[in-house]
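What follows is a single structure, written as structure tokens, with notes after it.
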Amino acid sequence: NGATPYYAQVYRKGKNVVLGRYATAEEGARAYAATPEGIADLAARDAPPPPPQPQLPSNSELSSSELIRSERSNSGFKGVYKVSSAATPYCVQVYRKGKTVTLGHYSTAEEGARVYAATPEGIADLAARNAPPTPRPAKRPAPLPAVPPSSSAAASKQSSAVQLITSATNKTGFKGVYKLGSGATPYSAHVYRNGDQVVLGHFATAEEAARCYARTPEAKADLAVSAAPPVLFDGVELITSERSNSGFKCVCKLHNGATPYYAQVYRKGKNVVLGRYATAEEGARAYAATPEGIADLAARDAPPPPPQPQLPSNSELSSSELIRSERSNSGFKGVYKVSSAATPYCVQVYRKGKTVTLGHYSTAEEGARVYAATPEGIADLAARNAPPTPRPAKRPAPLPAVPPSSSAAASKQSSAVQLITSATNKTGFKGVYKLGSGATPYSAHVYRNGDQVVLGHFATAEEAARCYARTPEAKADLAVSAAPPVLFDGVELITSERSNSGFKCVCKLHNGATPYY
């Protein structure tokens with residue numbers, strides 16, 4: 001009741017905005033009428049009335065034949081469900097804009113069915129039910145009858161001459177063949193029958209699995225379809241599929257409404273719905289225009305991949321081809337005894353930084369045959385049978401030191417010193433290492449009494465190698481290279497000044513029965 005008792009406000013972007021306070025209501029109304037909200041209200045008030053909506057049929061006007069029945073509902077009618085035992089146990093529900101909308105509860109199922117039939121969803125279901133059926137694509141011709149072989153030779157010839165069905169979208173290169181692991185039989189062949197996956201078997205190579213799949217009725221039907229003329233719709237070739245309930249790939253039938261068919265693709269880990277369609281052919285045409293559909297058509301017409309090289313079977317390996325190893329407790333490389341069970345021997349390989357177990361076997365020889373058939377085993381066999389690498393020639397004995405008579409002679413002696421090269425050192429010289437990228441990046445050092453002694457830093461690797469070549473350690477290296485090799489049981493041993501045993505990679509730990517390791 002003050003001097004300005006009236007205030008005007010509007011609702012903008014989720015907040016109440018106060019326009020001001022006024023002495024009279026007319027002043028506040030005038031302020032609101034000048035806002036965008038007030039102008040919109042005036043325009044809506046003066047707009048012509050909307051056209052009348054079509055009248056839906058009344059529940060009483062619907063006959064019993066127009067009620068939509070359903071075997072999936074516990075009431076016998078679509079959209080009507082019995083949810084309790086109360087006076088109105090039947091509930092009517094429809095699915096609109098991603099949400100379930102309850103229309104009411106009724107005493108009988110027929111009352112609920114009449115309410116559902118009068119909704120837009122029910123009217124669409126009635127129209128779809130009364131519409132003429134959509135022509136399905138032509139069925140695939142029956143598979144060719146199998147010809148019984150007359151003899152074992154004819155059977156072998158038929159098996160080898162069977163036509164394999166390739167696939168550009170399958171990583172194995174063949175349809176119905178999948179690689180499941182890295183064991184002795186990593187390739188699996190399976191088919192889909194009556195909506196269930198049927199495993200045909202496990203095989204050592206993809207070709208064996210493809211032959212097994214090629215003998216199935218599904219494969220023969222695939223060959224017949226590939227030879228049949230393509231299915232066209234509006235000039236676009238459609239991609240058929242026996243696994244889809246619509247007869248076309250990536251097109252599924254959901255319900256019996258006005259647009260019962262929907263098309264979808266799988267992109268970047270997600271299902272992308274392309275749209276809903278009245279006929280299966282419309283959905284198939286939408287899929288055929290996508291990059292996925294174009295790739296499927298191109299893959300179907302692509303030439304088959306070249307055959308993979310055949311690895312030797314386990315039974316074809318002789319005892320001499322088994323790779324033995326003294327470091328394994330089984331006596332064979334890649335085979336380890338891990339338990340005392342019925343299959344105590346485990347076969348393992350190291351691939352891409354991980355240990356891969358190929359299987360467990362009852363004897364070490366079985367495991368050794370499996371390992372010998374792997375790419376790692378084949379590489380080991382090739383390395384074992386390769387000719388030995390020629391050893392580098394012995395280094396010549398160092399030149400006798402000549403006492404310098406002058407500074408020029410000393411300079412000549414410095415430049416004539418014999419440098420000690422190394423094939424395992426990145427700098428190419430023994431005792432020389434590159435530590436950085438400054439003015440003197442090369443360092444020369446030696447090991448004396450177990451400690452590292454830095455001789456200096458140099459601008460070039462040759463200067464550091466000359467410094468190292470003047471040390472007693474370098475002279476000892478030259479003497480060792482000129483000395484005759486050390487032999488033990490006919491094997492040449494590798495000596496080392498840095499080891500306390502005198503041999504490379506051999507150390508003395510204690511004075512027991514086996515002090516060297």
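Listed for the N425 side chain is a donor-acceptor partner under 3.5 Å among the backbone atoms of V432. Proximity of a side-chain donor or acceptor of S246 to a complementary backbone N or O of V251 within less than 3.5 Å is detected.
Residues passing the side chain to side chain donor-acceptor pair (under 3.5 Å) test with E237 are R300, sequence neighbours excluded. Looking at residues two or more places apart in sequence or on another chain, you find a ring-ring contact (aromatic ring centres under 6.0 Å, His included) between H445 and Y433. With sequence neighbours excluded, no residue forms a side chain to side chain donor-acceptor pair (under 3.5 Å) with S188.
One finds the OG1 atom of T363 at 9.0 Å from the CZ atom of R369 (value rounded to the nearest 0.5 Å). Between atom OG1 of residue T355 and atom CD of residue Q348 there is a gap of 6.0 Å, rounded to the nearest 0.5 Å. From S328, atom OG reaches atom OH of Y371 across 10.5 Å, with rounding to the nearest 0.5 Å. Residue T424 holds its OG1 atom at 9.0 Å from NZ of K430, rounded to the nearest 0.5 Å. Atom CD of E366 and atom NE2 of H360 lie 13.5 Å apart (nearest 0.5 Å). In this structure, CG on L200 lies 10.5 Å from CZ on R215, to the nearest 0.5 angstrom.
Of all heavy-atom pairs spanning N500 and C507, the tightest one is OD1-CA, 3.5 Å. Counting all heavy atoms, side chain and backbone alike, A214 lies closest to L164 at CB-CD2, 4.4 Å. Contact record, K253 with H255: CE-O, 3.5 Å, taken as the closest heavy-atom pair. Nearest heavy-atom pair, Y468 versus I420, reported as atom, atom and distance to 0.1 Å: CE2-CD1, 4.1 Å. Summarising the geometry of L381 relative to A372, their closest heavy-atom pair is CD1-O, 4.3 Å, with the distance given to 0.1 Å. A pairwise comparison of heavy atoms in P441 and A459 identifies CD-O, 3.9 Å as the closest pair.
With a 4.5 Å cut-off on side-chain heavy atoms, Y187 and E207 do not count as touching. Using a 4.5 Å cut-off on side-chain heavy atoms (C-beta onward), F203 and T185 make no contact. Between F248 and T240 there is a side-chain heavy-atom pair separated by less than 4.5 Å. Residues F429 and T421 have side chains in contact (heavy-atom distance under 4.5 Å, counting atoms from C-beta outward).
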Run the side chain to side chain contact (heavy atoms under 4.5 Å, CB included) test on F332 and E365 for me, step by step, so that the C-alpha distance in whole Å, both residues' side-chain angles and the decisive distance to 0.1 Å come before the verdict. CA-CA 8 Å; F332 296 97; E365 288 75 10; 4.1 Å; yes
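Sorted by first and then second residue, the salt bridge (charged side-chain N to carboxylate O under 4.0 Å, His left out) pairs with a member in residues 330-358 read K333-D380, R351-E376; sequence neighbours excluded. Applying the ring-ring contact (aromatic ring centres under 6.0 Å, His included) test to residues at least two apart or on different chains, none of the pairs has a partner in residues 264-298. Within the structure, salt bridge (charged side-chain N to carboxylate O under 4.0 Å, His left out) contacts touching residues 444-458 (residues at least two apart or in different chains) are R448-E473.
For I494, the CD1 atom counts as loosely surrounded, since its 6.0 Å shell holds 12 or fewer non-hydrogen atoms of other residues, nucleotides or ligands.
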